[in-house]
Chemist: 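Please read through the structure below; I'll follow up with questions.
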Amino acid sequence: MKRVNVLLGGPKSEYPEEMNSIKAIPGPWVGADRGSLYLVQNGVIPEIAMGDFDSINKKEQKLLKDNISNFYKFPPEKNDTDSELCLLAAREKFNAQEYIIYGGTGGRIDHFLVNLFLPFDRRFFDFYDKLYFKSANNTIRFFKPGSYTVYHEHGMKYIGFINLGPVTRLNLVNAKYKLKDFSADHPVSWASNEFIGDSIDFNFGSGVIAVIQSSDAKQNKKG
């Protein structure tokens, strides 16, 4: 299967604009906690729903149980986040080429950091480069050593490169601020780099790099 969509919980304001036409988004859905409720309320039945569901009431939980065949409720005191549970279940069921995760890059900083450092969780090491987080003002993708082209997401003119651990021979070819054969033995970020065209090319020799595209928050765009 080419792609699977995972909808995380959180406020609707964190979802990108494409979620306004959710039925037009290709691929099956997996819902995490309140994300499952959003799907059902918008006419999409997820293949899997997982979480502790502590953010929705009993009536809403019954709605999910009555409509979703694979509904799994866990106690709040668990070792994994709802996001992690859903991603692992999605991989086991679908083994897709890409997992589009809606939400999870804004809001609570603890949730953001858990998702940012997923590549270092041994359970995700075989597919972390297939994860693609998309929210209203941010996207996150992870890369193994190699050469890549990243395309400009609509409305997100900023791009940051964060090496999660040691990295060697990083080159940014056509970004606003270039790098040549850069290496670091500890985590470093290059925030507020910018697109000067439709894409940015980069390559590196070793390590794990997170690439974050972002836009100004809506409240900062008024001026």
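Treat the numbers as computed from the prediction; the structure is a model and nothing was measured.
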Chemist: Hey, quick one: are Ile45 and Ile48 part of the same hydrophobic cluster, counting side-chain heavy atoms closer than 4.5 Å, chains of contacts allowed?
Modeler: no

Chemist: By side chain to side chain contact (heavy atoms under 4.5 Å, CB included), which residues pair with Phe74, not counting sequence neighbours?
Modeler: Met50, Tyr72, Lys78, Leu85

Chemist: Would you compute the distance between atom NZ of Lys134 and atom CE of Met19 and round it to the nearest 0.5 angstrom?
Modeler: 10.5 Å

Chemist: Donor-acceptor pair, distance only, cut-off 3.5 Å: does the side chain of Asn20 make one with the backbone of Glu17?
Modeler: yes

Chemist: Linking I/L/V/M/F/W/Y whenever their side-chain heavy atoms sit closer than 4.5 Å, directly or via other members, would Val114 and Phe124 fall into one cluster?
Modeler: no

Chemist: Sorted by first residue and then second, give each side chain to side chain donor-acceptor pair (under 3.5 Å) pair with at least one member in residues 97-107; sequence neighbours left out.
Modeler: Arg3-Tyr102, Glu18-Tyr102, Glu98-Arg141, Thr105-Ser135

Chemist: Out of curiosity, Ile159 CD1 to Leu172 CG, how far, rounded to the nearest 0.5 Å?
Modeler: 8.0 Å

Chemist: Taking only residues two or more places apart in sequence or in another chain, which ones pass side-chain hydrogen bond (donor to acceptor under 3.5 Å, both in side chains) with Lys157?
Modeler: none

Chemist: Give me the atom names and distance for the closest heavy-atom approach of Pro46 to Gly31.
Modeler: CB-N, 4.0 Å

Chemist: Under the salt bridge (Lys or Arg N to Asp or Glu O under 4.0 Å) test, which residues partner Lys144, sequence neighbours left out?
Modeler: Asp129

Chemist: For residues 25-50, which residue pairs pass the side chain to side chain donor-acceptor pair (under 3.5 Å) check, not counting sequence neighbours?
Modeler: Asp33-Ser55

Chemist: To check you understand the geometry: which heavy-atom pair defines the closest contact between Ser214 and Asn138, and what is its length?
Modeler: CB-OD1, 3.3 Å

Chemist: Kindly give the heavy-atom pair with the smallest separation between Ala175 and Asn193, and that separation in Å.
Modeler: CB-OD1, 3.6 Å

Chemist: Please identify which of these residues, Val211, Leu164, Ile209, meets the side-chain contact (heavy atoms from CB on, under 4.5 Å) condition with Phe142.
Modeler: Leu164

Chemist: Just verifying a value: how many Å separate Leu118 CG and Glu84 CD, rounded to the nearest 0.5 Å?
Modeler: 6.0 Å

Chemist: Taking NZ in Lys178 as the centre, count heavy atoms belonging to other residues, nucleotides or ligands within less than 6.0 Å. Is the count above 12?
Modeler: yes

Chemist: Check step by step if ring pair (Phe, Tyr, Trp, His ring centres under 6.0 Å) holds for Phe204 and Phe182.
Modeler: CA-CA 9 Å; Phe204 64 107; Phe182 182 87; over 10 Å; no

Chemist: Set out, in order, the CA-CA distance, both residues' side-chain angles and the distance that settles side chain to side chain contact (heavy atoms under 4.5 Å, CB included) for Phe143 and Val150, then state yes or no.
Modeler: CA-CA 11 Å; Phe143 294 87; Val150 174; 4.0 Å; yes

Chemist: So, using side chain to side chain contact (heavy atoms under 4.5 Å, CB included) as the criterion, who are the partners of Arg169 when residues are at least two apart?
Modeler: Asp181

Chemist: Within this structure, what is the NZ-CD1 distance for the pair Lys130 and Ile101, rounded to the nearest 0.5 Å?
Modeler: 12.5 Å

Chemist: Apply ring-ring contact (aromatic ring centres under 6.0 Å, His included) to Tyr158 and list each qualifying residue two or more places apart in sequence or on a separate chain.
Modeler: none

Chemist: Which pair of non-hydrogen atoms, one from Val188 and one from Ala184, has the smallest distance, and what is that distance?
Modeler: CG2-CB, 3.9 Å

Chemist: Atom NZ of Lys23 and atom CG of Leu39: how far apart are they, to the nearest 0.5 Å?
Modeler: 11.5 Å

Chemist: If I compare all heavy atoms of Leu170 with all of Phe202, which pair ends up nearest, and what's the gap?
Modeler: CD1-CD1, 4.3 Å

Chemist: Ignoring hydrogens and geometry, is there a side-chain-to-backbone donor-acceptor pair from Glu14 to Asn137 under 3.5 Å?
Modeler: no

Chemist: Going by heavy atoms in the side chains, are Val173 and Ile200 under 4.5 Å from each other?
Modeler: no

Chemist: Quick one: closest heavy-atom pair of Gly35 and Leu7, and the distance?
Modeler: O-CD2, 3.3 Å

Chemist: Quick one: do Phe161 and Leu179 satisfy side chain to side chain contact (heavy atoms under 4.5 Å, CB included)? Show the steps, please.
Modeler: CA-CA 11 Å; Phe161 292 78; Leu179 285 175; over 6 Å; no

Chemist: Any side-chain to backbone donor/acceptor pair from Glu92 onto Ala89? Under 3.5 Å, distance only.
Modeler: no

Chemist: Spell out, yes or no, whether Val6 and Leu37 are grouped together once hydrophobic residues are joined by side-chain heavy atoms under 4.5 Å, including indirect joins.
Modeler: no

Chemist: Going by the rule salt bridge (Lys or Arg N to Asp or Glu O under 4.0 Å), which residues pair with Lys59 if we only count those two or more places apart in sequence or in a different chain?
Modeler: none

Chemist: Examine Ile109 and Ile212 and state if one hydrophobic cluster contains both, with Ile, Leu, Val, Met, Phe, Trp and Tyr joined whenever side-chain heavy atoms are less than 4.5 Å apart.
Modeler: yes

Chemist: Please enumerate all residues that pass side chain to side chain contact (heavy atoms under 4.5 Å, CB included) together with Thr168, with sequence neighbours excluded.
Modeler: Ser183, Ser206

Chemist: Measure the spacing between CG of Asn115 and CG of Leu87 and express it to the nearest 0.5 Å.
Modeler: 7.5 Å

Chemist: Tell me, which pairs form a salt bridge (Lys or Arg N to Asp or Glu O under 4.0 Å) where one or both residues lie in residues 113-122, sequence neighbours left out?
Modeler: Asp121-Arg123

Chemist: Going by side chain to side chain contact (heavy atoms under 4.5 Å, CB included), name the residues that satisfy it together with Lys73, two or more places apart in sequence or in a different chain.
Modeler: Phe53, Gln61, Phe71

Chemist: Mind checking whether Met156 and Phe195 sit in one hydrophobic cluster, side chains of I, L, V, M, F, W, Y counted as touching below 4.5 Å?
Modeler: no

Chemist: Not counting sequence neighbours, list each pair that qualifies as a side chain to side chain donor-acceptor pair (under 3.5 Å) and has a residue in residues 195-205.
Modeler: Thr149-Asp201, Asn171-Asn203

Chemist: Describe, in one word, how the ring planes of Tyr128 and Phe125 are oriented to each other, choosing from parallel (under 30°), tilted (30 to 60°) and perpendicular (over 60°).
Modeler: tilted

Chemist: Please report the C-alpha distance between Val30 and Asn5 in whole Å, then the side-chain angles of each, then the deciding distance to 0.1 Å, and finally whether the side chain to side chain contact (heavy atoms under 4.5 Å, CB included) criterion is met.
Modeler: CA-CA 6 Å; Val30 174; Asn5 306 300; over 6 Å; no

